[in-house]
Amino acid sequence: MRGDETSSLLFIHPWPPSLEAHHRHTGSLLHSAFLARSPHLTSLTYIAGSIAPSPAANEMLRAAARALTVSSLNPKVLDLSVFFFSVSGGSGSLIFFRCRCSRWRITTSADSSPAARSMQQELDANPASHPFSEVLALCNHPHLLDRSEASFMFSSDAITRAREIGIEGLRDAIAAGIASRDGLPSYSEDIFLTDGAAAPVHMMMHLLIRGKKDGILCPIPSHSLYTDSMVLRGATLVPYYLDESRGWSVNISDLKKQLDGARAKGIDVRGLVVVNPGNPTGQVLVEENQCEIVELCKNECLVLLADEVYQENIYTDQKKFNSFKKVARSIGYGEGDISLVSFHSVSNGYYGECGRRGGYMEVTGFSSEVRGEVYKVASLSACSNISGQILMSLVMNPPKVGDESYLSYRAERDSILSSLSCCAEAMVSTFNSMEGMTCNKAEGGISVFPSVRLPPRAIEAAEAMNTEPDVFYALRLLESTGIVVVPGSVFGQVPGTWHFRCTILPQEEKTRQIISRFNVFHEAFMEEFRS
């Protein structure tokens, strides 16, 4: 959950009754002292309904109202709200807040069911350790390197790498990792280190979008990062639908049709977003499809924005990850032929270190003058956090054969990926056995995206509640089982179809429980709304 979402929760939810009573009992002295230290926070917690405001707080509220109103906000922010609710029906927020209510009931209710308690334990489960923690520990506490106990506490290669790491060398290390992955040269001056993958996406949108007549081709379904960033900058979304019947591949003829249609309306299409492996769809593009995409971008003068954050999470022997840069070079296109930006992050692979906020973008095919402007925009955010930079360099250069930590690293990595693959296979098999459901194989990423054909009576019930049918289904699932899925309308889908995203992250034994409960719910749901 992003930090801004956490803040929103503070403003929306009242304080617990016991804390509210305590503040009322202690009187206005504590309130005034708190107001003096943080007047804005006090005003906002008053809006949430926690404590009565003092006259001074009322005056400050009136002054704040004069200084800033909804109508005086940046109109692009207001457009973002309209876009979010029009595309998803507010379903992301609705599911999230209902989930919070479910957690509260599970925690406090004395007669909660065993299934509910199991889900609560699952929500609170500790994340798995990652294979790079030793190096990070030594970098965070470098004095440990000089202690005699270090050789007993840490592997020899972790100690060596911690001694070698320097801020100037991190981009070199990442470039070396990319070169090793692709078998092609990579240069440190092409690497921009960032706080995760979202930051460089926003940077590129700043650079590409000049106004509402500029557009970006974005896949549907996909993560909302790209569409949200475009709306905030007033650009035009040019959607293209992934082909579910062909394993969520990119249909080039449809892509070209969408491009030509946008240009006919006067939209200057600047770039093309491709997510590989897919989110939420879990596909891995075949190399032939990638070649078609590269050819289109080259011929149509589009910047290729390649989201490659799940590149290590591959669950099929029939396909492998190929970076778009490698594909472009393999068909003879060099720096002067295609502009390409690749995004990667430490948050999304088998290591899943979301909180570390490490990432990079590799920028190729830009002139030195444009590269200077990229550097200018990147400099607005100053330096990305050091721990994230270090971890990103480790992800791109994991332990090698012969390193003391290699066997334990490989065992942990293979165990995690094997577990994810088993969970994905079990979920896909189960969903395909359920009435009205079809689900493509999860070839990569961390989720499956099944399609569900809902009965007409269920669609009518959803419409009566002014709710999208897939949101209605997801809410009923949550309330009946404690299982949380994200409705497909959050990501976009072909009109008249309904999907949901289900992650493959739960441990294998919990996956079996989830599948069992899901199956029971779905049978009952379909029977309840059968025509």
Side-chain angles (χ1 to χ4, degrees), residues 1 92 95-96 98-103 105-107 112-131 223 277-283 309-310 312-316 347-355 411-434 437 439-450 452 470 473-488 490-491 499-523 525:
M1 182 166 57
I95 296 291
F96 176 73
R98 190 69 63 86
C99 180
R100 284 181 56 86
C101 293
S102 297
R103 280 177 60 101
R105 288 199 302 271
I106 292 167
T107 304
S112 59
S113 67
R117 285 195 296 271
S118 174
M119 180 56 64
Q120 172 66 16
Q121 292 163 5
E122 183 174 297
L123 288 168
D124 291 336
N126 291 324
S129 62
H130 62 74
H223 192 277
N279 176 20
T281 45
Q283 86 282 8
V309 299
Y310 290 109
E312 289 92 354
N313 289 40
I314 308 295
Y315 313 122
T316 175
S347 301
N348 305 99
Y350 61 87
Y351 26 80
E353 284 288 355
C354 304
E412 182 175 5
R413 173 187 179 275
D414 290 351
S415 174
I416 293 171
L417 291 175
S418 174
S419 177
L420 291 172
S421 178
C422 288
C423 290
E425 186 175 345
M427 286 185 176
V428 170
S429 175
T430 299
F431 290 143
N432 280 324
S433 71
M434 290 183 180
M437 276 203 200
C439 186
N440 282 319
K441 180 179 180 180
E443 300 170 331
I446 60 167
S447 60
V448 293
F449 198 63
V452 54
D470 54 354
Y473 181 87
L475 285 170
R476 288 289 295 268
L477 174 68
L478 172 61
E479 291 164 351
S480 299
T481 67
I483 298 171
V484 182
V485 298
V486 183
V490 170
F491 306 97
H499 300 76
F500 59 85
R501 185 184 76 167
C502 186
T503 70
I504 59 174
L505 298 177
Q507 299 168 1
E508 289 180 64
E509 59 272 18
K510 291 185 177 180
T511 296
R512 288 190 288 270
Q513 298 173 24
I514 291 170
I515 286 173
S516 176
R517 283 182 288 181
F518 208 128
N519 209 0
V520 171
F521 160 79
H522 185 72
E523 289 180 0
F525 181 92

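Hydrogens, waters and symmetry mates play no part in the numbers below; they use all other heavy atoms, side chains included. Note that the coordinates shown come from a computational prediction; the quantities given were computed from them, not determined experimentally.
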Checklist entry - CZ of Phe500 to CG of Leu477: how many Å apart, nearest 0.5 Å? => result 7.5 Å

Item to check | Distance-minimising heavy-atom pair for Ile483 and Thr481 | outcome: N-OG1, 3.0 Å

If you look only at distance, which donor and acceptor atoms sit under 3.5 Å apart when one is on a side chain in residues 418-434 and the other is two or more places apart or in another chain?
{"residue": "Thr430", "atom": "OG1", "partner": "Ala426", "partner atom": "O", "Å": "2.9"}
{"residue": "Asn432", "atom": "OD1", "partner": "Cys439", "partner atom": "N", "Å": "2.7"}
{"residue": "Asn432", "atom": "ND2", "partner": "Val428", "partner atom": "O", "Å": "3.2"}
{"residue": "Asn432", "atom": "ND2", "partner": "Cys439", "partner atom": "O", "Å": "3.1"}
{"residue": "Ser433", "atom": "OG", "partner": "Thr430", "partner atom": "O", "Å": "2.6"}

Checklist entry - Any side-chain heavy-atom pair from Ser347 and Val309 closer than 4.5 angstrom? => result no

Item to check | Under 3.5 Å donor-acceptor, Ser480 side chain and Arg476 backbone | outcome: yes

Checklist entry - What distance do Thr503 atom OG1 and Arg501 atom CZ have between them, rounded to the nearest 0.5 Å? => result 7.0 Å

Item to check | Spatial distance of atom CG (Asn348) from atom CG (Asn279) [nearest 0.5 Å] | outcome: 7.5 Å

Checklist entry - Just wondering, do Ser447 and Ile504 contact through their side chains at under 4.5 Å, heavy atoms? => result no

Checklist entry - Tell me, do His522 and Val452 make a side-chain contact under 4.5 Å, heavy atoms counted? => result yes

Checklist entry - Among all residues two or more places apart in sequence or in another chain, which pass the side-chain hydrogen bond (donor to acceptor under 3.5 Å, both in side chains) test with Thr316? => result Gln318

Checklist entry - Rounded to the nearest 0.5 Å, how far does CD1 of Ile515 lie from OG1 of Thr511? => result 6.0 Å

Checklist entry - Do Asp470 side-chain atoms and Pro487 backbone N/O form a donor-acceptor pair below 3.5 Å? => result no

Checklist entry - Given the rule in the side chain to side chain contact (heavy atoms under 4.5 Å, CB included) test, do Arg413 and Ile416 qualify, once you have shown the distances and angles that lead to the verdict? => result CA-CA 5 Å; Arg413 173 187 179 275; Ile416 293 171; over 6 Å; no

Checklist entry - Mind checking whether Phe518 and Tyr473 have parallel, tilted or perpendicular rings, split at 30° and 60°? => result tilted

Checklist outcome for this item: Nearest heavy-atom approach of Ala442 to Tyr315 is O-CD1, 3.8 Å

Item to check | Note, Asn519 side chain near Ser516 side chain (heavy atom, < 4.5 Å) | outcome: no

Checklist entry - Can you check whether Pro450 reaches Val448 side chain to side chain, under 4.5 Å on heavy atoms? => result yes

Next on the checklist: Nearest 0.5 Å, please: how far is CD1 in Ile446 from OH in Tyr310?
Outcome noted: 3.5 Å

Checklist entry - Does a side-chain heavy-atom distance below 4.5 Å link Glu523 with Val520? => result no

Next on the checklist: What's the separation between atom CD in Gln283 and atom CZ in Phe449, rounded to the nearest 0.5 Å?
Outcome noted: 11.0 Å

